[in-house]
Amino acid sequence: MDLDEKIKVLQTIDFLKVLPDCSWLAKECGEIELGVDEILFEDRELGKSMYVVLSGEVVVYKKDREIARGSVGEFIGEMALLESHKRSASIKALKETVLMEITENQFNDFLTTNSQTLISLLRTLSQRSRNDLDIIETDYQKLLEQQKFADRLQKILNDASNEIYVFDSTKFEIEDANTTACKNLGYVSRDNLKRLSYSDVAQLAWTDGLIELVEPLTSGEKSLVIFEACHKREDGSIYPVEVKMQLLESKAPNLILAIVEDKTDQKTMETKINQMAFYDDLTGLPNRNLLIDRFELLIAQAQRRGKKVAALFLDLDNFKSVNDSLGHQVGDQYLKNIAQRLRNCLRKEDTVGRLGGDEFVLLLANLDQEDEAAKLSEKIFQQFSQSFDLVGNEIFACFSIGISFFPNDGGDAETLLKHSDMAMYGAKKKGGNHYQIFTPEMNLQVTHRMKMEQKLRKAIEKKELEVFYQPKVDLKTNELTGLEALLRWRDSDGNVISPGEFIPLAEESRLIVSIGEWIIETVCEQISEWKKEELSPVPVAINISGRQFDQNIFRIVMDNLSRCQLEPRSIELEITETTIMKDTETVIKVLRQLKEAGVHSAIDDFGTGYSSLNYLKFLPVNTLKIDQTFIRDITDQNNKAITQTIIAMSQFFGLKTVAEGVENQAQRDFLLESKCDQFQGYLFSKPLPSSEVSKFIKKN
């Protein structure tokens, strides 16, 4: 018999009619075929199965007396499962018959996992038991059979993993409960539990909850009610449950059967998943997902009330230095402390969240004026002017804050966050510890920047970048003393892109790291080519970005010198004051390694940074380059004084000086008089492509 036909037969059985699907039984249980007069089992035999007649007909007899017949859709042999596995009658086929065998394990599994069938099964078995017991020889045997049935059923209920309760439908007094119910509620005996009302156990969230739930069962409106509640243990603690209630028909008052599943593990897992999905693990603040949800809600409320909403994008200015110097564990505690202090700056209706890293977002609700966001920014700066004590270190937190507003700067959360992020970068360009309000021009700038970054990436792939070389000369002799490698970019359309435009972009996008490594390789290869031409090339200075110190710049330099078979003094590395001040300890360490290996270094744009004079005596450098801003207007007395001071200080420390941007004879004369060593600029030569440098070297 195929599966569909088997299921149809099962669905005609009384205690299975309540199920929407009998496919589990149909798939799991096997079939037995009997010929005419073939015996299925005999009285007093041991048996651990019951059977459903799928086709044909069987006769049930005891002591050669026919008791009953079983046709399609009827079940037989169940009493052996409820007793001690001894058959109470014999079965044989009246004609060719097919039966489905349900083993004891399948029977128990089915009853304990399909609560809907319990009541129906009890009705069916009770009716059949009454019919069978009319034929049993003595009243004693009748009572014994009933007791065995009750004991077996009680064992099934006690072995169930779910809590099972029987209580009356009016006062809800508990008539009975299984072992699992007593264990879960913490009661030592069933008698203690029977003294309670089920309404005492089930803590419902609304008044008269149990009355409202039971009424549809007693009125016949529903046959099953399912709801969630919390069960209260004897010690007063509670745990979440799911309850399925059915009416258990009996003499008045009616009894209710409740089958209860403990949902503690499920609810705990749901809470963990919710926490992971919507909250930051480190600070406990809302993450991006929850921020977006709350932002959209605030926007909807603001639309109805005619109010404004502000998004403040906060980026810590000094987090990397704290993390690198004190370690990640201290860095994590630093972020936790910052999160708590930000909470204290806000009203109850506002939200603070963490996007990750050192980025935070504040959402300000129901604003009347935009200046309220600016006032909060000032409050944040004031609050964070007080330091944090981290493992004995006094740390000050500084923020760059970008601000955008609904509805002026966008109509949805993603747009407003993007615009506040743009404004934050504007604040960071001011030097940090500032706030900046978004303007439409920022959007245009970011769009242009994105296009330029894409264009620069393609330029690297297409090899549009080129190294030019600007000569450096001795002020006294006018002899060539060196070259500076300068990056140039002519795009595929022939347009020359200014270094002032694409170098900062390369820095921000970190493309400068790969570009810088390529420049070192290219310069070393070019010097090697000049050597092959039997020229005596002068040292070539290469500008090094601060980001390259994050990489192994020492190894990169030495590997390229070795590969091209060059002396260490063939190149000179130039770094800016800003690079030194960002990570002085690391820079000094690398420069010392390079100097010990024979590679010279110079400080570029000297005089434009800050505090570098404090470190100058410790820096293992050979040269100071005077920034062209002081040379450009040398008639200015302040510029003259600064330039002469730099030259005098260099001489004191035994360093050479190179003046940048020399374009006229007056500038040269002043530098010569001030005893500057070298200069570079258009007065002597503009930057030259590599193809022209050979001729220039020969000429000079």
Side-chain angles (χ1 to χ4, degrees), residues 429-431 468-486 498-500 503-504 538-544 546 572-582 584 587-588 591 600-688 700:
K429 287 179 180 178
K430 291 181 178 179
F468 276 53
Y469 299 86
Q470 186 170 38
K472 292 188 289 185
V473 294
D474 188 287
L475 268 161
K476 294 178 181 178
T477 65
N478 242 29
E479 290 180 354
L480 181 68
T481 58
L483 300 167
E484 180 180 3
L486 299 170
S498 168
I503 294 294
V538 291
V540 179
I542 303 171
N543 292 282
I544 300 298
E572 181 181 50
L573 301 185
E574 294 187 4
I575 57 173
T576 64
E577 280 188 278
T578 305
T579 297
I580 296 170
M581 298 313 299
K582 279 185 177 178
T584 306
V587 171
I588 290 177
L591 291 180
H600 284 193
S601 56
I603 301 178
D604 196 14
D605 301 335
F606 190 80
T608 59
Y610 59 96
S611 300
S612 58
L613 296 179
N614 297 330
Y615 294 97
L616 190 57
K617 58 186 177 182
F618 302 114
L619 291 174
V621 297
N622 306 90
T623 305
L624 295 185
K625 298 189 71 176
I626 306 170
D627 189 71
Q628 60 183 341
T629 55
F630 304 117
I631 307 301
R632 187 177 298 120
D633 186 8
I634 205 64
T635 58
D636 181 85
Q637 293 303 313
N638 290 330
N639 287 344
K640 278 186 176 183
I642 291 172
T643 303
Q644 289 173 334
T645 300
I646 293 173
I647 294 171
M649 185 172 54
S650 299
Q651 291 173 342
F652 178 81
F653 286 112
L655 305 177
K656 290 188 178 298
T657 48
V658 179
E660 299 179 294
V662 178
E663 298 181 352
N664 56 57
Q665 191 62 36
Q667 294 168 339
R668 183 184 181 282
D669 292 343
F670 168 76
L671 293 168
L672 180 60
E673 182 183 343
S674 301
K675 298 182 180 181
C676 182
D677 297 304
Q678 302 170 22
F679 79 94
Q680 65 186 89
Y682 275 52
L683 177 64
F684 188 76
S685 174
K686 64 181 180 180
L688 302 170
N700 290 274

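All residue numbers refer to positions in the sequence shown, counting from 1.
Atoms NZ and CG, on Lys640 and Asp633 in that order, are 10.0 Å from each other to the nearest 0.5 Å. Note that CG of Asp627 and CD1 of Ile642 are 10.5 Å apart. Values are rounded to the nearest 0.5 Å. Taking CG of Asn639 as the reference point, atom CD of Gln644 lies at 11.0 Å (rounded to 0.5 Å). For the atom pair CG of Leu672 and CG of Asp474, the computed distance is 9.0 Å after rounding to the nearest 0.5 Å. Within the model, atoms CG of Asp669 and CD1 of Ile634 stand 11.5 Å from one another, a figure rounded to the nearest 0.5 Å.
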*Give the C-alpha distance, both sets of side-chain angles, the deciding distance and a yes or no for side chain to side chain contact (heavy atoms under 4.5 Å, CB included) between Gln470 and Tyr682.*
CA-CA 9 Å; Gln470 186 170 38; Tyr682 275 52; 4.2 Å; yes

*Go through the steps for Val540 and Tyr469 under the test side chain to side chain contact (heavy atoms under 4.5 Å, CB included), then give the verdict.*
CA-CA 8 Å; Val540 179; Tyr469 299 86; 3.9 Å; yes

*Evaluate the side chain to side chain contact (heavy atoms under 4.5 Å, CB included) criterion for residues Gln665 and Leu683: first the C-alpha distance (whole Å), next the side-chain angles of each, then the deciding distance (0.1 Å), finally the verdict.*
CA-CA 7 Å; Gln665 191 62 36; Leu683 177 64; 4.3 Å; yes

*Please report the C-alpha distance between Thr576 and Ile603 in whole Å, then the side-chain angles of each, then the deciding distance to 0.1 Å, and finally whether the side chain to side chain contact (heavy atoms under 4.5 Å, CB included) criterion is met.*
CA-CA 6 Å; Thr576 64; Ile603 301 178; over 6 Å; no

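When Glu572, Gln678, Glu574, Lys472 are each tested for a side-chain hydrogen bond (donor to acceptor under 3.5 Å, both in side chains) with Thr623, only one passes: Glu572. Of the listed residues (Ile647, Asp605, Val658), just one forms a side chain to side chain contact (heavy atoms under 4.5 Å, CB included) with Ile626, and that residue is Ile647.
Considering all non-hydrogen atoms of both residues, Leu480 and Pro471 come closest at CD1-CB, 3.5 Å. In plain terms, the two heavy atoms of Val538 and Gly482 that are nearest each other are CG2-CA, 3.3 Å. Of all heavy-atom pairs between Ala485 and Asn543, the closest is O-ND2, 3.6 Å. Residues Val587 and Thr579 come closest through the heavy atom pair CG2-O, 3.8 Å. Contact between Thr643 and Phe670 at its shortest, heavy atoms only, is CG2-CE2, 3.9 Å.
Between Ile631 and Val662 the shortest side-chain heavy-atom distance falls below 4.5 Å. Contact annotation: the side chain of Leu688 never approaches that of Leu483 to less than 4.5 Å [non-hydrogen atoms, C-beta and beyond]. The closest side-chain heavy-atom distance from Leu591 to Val621 is below 4.5 Å. Counting only heavy atoms from C-beta outward, the side chains of Val473 and Phe679 approach each other to under 4.5 Å. You'll find the side chain of Glu663 stays beyond 4.5 Å of the side chain of Phe684, heavy atoms only. Counting heavy atoms from C-beta outward, Ser601 and Asn622 have side chains that approach closer than 4.5 Å. For the pair Leu624 and Ile646, the minimum side-chain heavy-atom distance is below 4.5 Å. Taking the side chain as every heavy atom from C-beta outward, Phe606 and Met649 approach each other to under 4.5 Å.
In this structure, the side chain of Gln667 engages the main chain of Asn664 through a donor-acceptor pair within 3.5 Å. Formation of a donor-acceptor pair under 3.5 Å by the Asp677 side chain with backbone atoms of Thr657 is found in this model. In this structure, Arg668 contributes its side chain and Leu475 its backbone to a donor-acceptor pair below 3.5 Å. In terms of modelled atom types and a separation under 3.5 Å, the side chain of Ser498 and the main chain of Gly500 share a donor-acceptor contact.
Salt-bridge formation is detected for the pair Lys625/Glu484: a Lys NZ or Arg NE/NH1/NH2 atom is positioned less than 4.0 Å from an Asp or Glu carboxylate oxygen.
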